[in-house]
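This report refers to the structure that appears directly beneath it.
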Amino acid sequence: MAKRYGQHCPVAKALDLVGERWTLLIVRDVFLGLHRFDELQESLGIARNVLTDRLNRLVEEGILERVRYSERPERYEYRLTRRGRELNIALTGLRQWGDKYLSERPPRLLRRKADKKPVVAALVPRGTKVLGPEEVETVPGPGWARSA
């Protein structure tokens with residue numbers, strides 16, 4: 001009998017952690033500069049209890065970190081860790097696929113900060129210089145007004 005790869009597959013393990021819709025949308029919004037609970041809730045239209053659960057899980061898994069920004073009342077914002085910032089590769093691939101097959105006018109574009117050239121997700125040989133998260137930015141695309 002052949003051994004099944006199944007749940008030992010890294011794709012299955014990654015989806016177990018970030019594959020739920022709200023989780024990736026939270027990570028996307030933190031990439032876009034939303035860091036506070038109320039900002040995330042307003043942007044996503046998500047129930048408070050669901051957002052709380054997802055944020056707690058992302059912190060527990062080392063994708064986000066809580067950073068206090070107010071002592072009285074005690075308030076925190078959420079920042080991507082290195083592990084979280086590396087999810088930008090997966091989000092870029094999903095965005096690129098969605099732009100190609102599901103969106104006539106992309107609401108957001110990814111570009112290199114230095115020269116404003118468009119950035120795409122691609123398969124490259126190991127060891128090839130790639131852009132780091134700090135070298136790219138997401139800006140409004142041609143469909144921005146329709147999706148806002």
Side-chain angles (χ1 to χ4, degrees), residues 4-69 75-148:
R4 293 185 61 198
Y5 198 47
Q7 298 305 308
H8 300 292
C9 166
V11 173
K13 289 180 178 183
L15 286 174
D16 185 48
L17 177 58
V18 297
E20 190 273 330
R21 179 180 193 269
W22 290 121
T23 302
L24 279 179
L25 292 176
I26 291 166
V27 171
R28 177 207 62 192
D29 276 7
V30 175
F31 268 114
L32 293 175
L34 304 178
H35 300 287
R36 297 182 179 177
F37 187 95
D38 291 340
E39 294 172 330
L40 292 165
Q41 186 185 25
E42 182 179 337
S43 171
L44 298 168
I46 184 175
R48 293 182 72 82
N49 64 321
V50 174
L51 180 56
T52 298
D53 290 346
R54 298 311 182 276
L55 288 170
N56 287 338
R57 174 93 193 272
L58 288 166
V59 169
E60 288 170 14
E61 295 293 342
I63 292 170
L64 294 176
E65 64 180 340
R66 271 189 195 93
V67 178
R68 187 184 340 219
Y69 70 88
R75 298 271 191 242
Y76 293 87
E77 60 184 19
Y78 297 88
R79 299 285 176 171
L80 291 159
T81 63
R82 179 180 177 169
R83 188 177 187 184
R85 287 188 302 272
E86 289 186 7
L87 279 170
N88 199 21
I89 297 165
L91 287 173
T92 299
L94 283 170
R95 180 183 293 117
Q96 185 174 309
W97 185 87
D99 287 349
K100 183 174 182 175
Y101 295 107
L102 306 173
S103 179
E104 292 177 26
R105 295 169 44 98
R108 307 285 308 175
L109 300 173
L110 193 64
R111 66 184 187 188
R112 186 166 42 189
K113 287 180 181 178
D115 58 11
K116 310 303 185 209
K117 287 187 178 179
V119 173
V120 297
L123 302 174
V124 299
R126 184 180 296 272
T128 302
K129 180 169 177 358
V130 297
L131 297 172
E134 68 285 349
E135 297 177 86
V136 297
E137 61 187 356
T138 305
V139 296
W144 178 252
R146 281 188 1 185
S147 66

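Computed from a prediction, not measured in an experiment: that's the story for all the values here. Count residues from 1 along the sequence.
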What is the minimum heavy-atom distance between [X] and [Y], and which atoms define it?
X      : Y      : answer
Tyr69  : Tyr76  : CE2-O, 3.2 Å
Thr92  : Val120 : CG2-C, 4.4 Å
Pro142 : Leu109 : CD-CD1, 4.1 Å
Phe37  : Leu55  : CD1-CD1, 3.6 Å

Residues Lys113 and Glu134 bridged, charged N to O under 4.0 Å: no
SB check Arg112 Glu135 (cutoff 4.0 Å): no
Can you tell me if [X] has over 12 outside heavy atoms packed within less than 6.0 Å of its [atom1]?
X      : atom1 : value
Ile89  : CD1   : no
Arg68  : CZ    : yes
Lys117 : NZ    : no

Pairwise distance [atom1]([X]) to [atom2]([Y]) - rounded to 0.5 angstrom:
X      : Y     : atom1 : atom2 : answer
Trp22  : Leu40 : CH2   : CG    : 11.5 Å
Arg36  : Gln41 : CZ    : CD    : 15.0 Å
Asp29  : Ile26 : CG    : CD1   : 8.5 Å
Asn56  : Glu61 : CG    : CD    : 11.5 Å
Thr138 : Asn88 : OG1   : CG    : 6.5 Å
Leu25  : Ile46 : CG    : CD1   : 8.5 Å

Flag, side chain of Arg85 to backbone of Leu80, donor-acceptor distance under 3.5 Å: yes
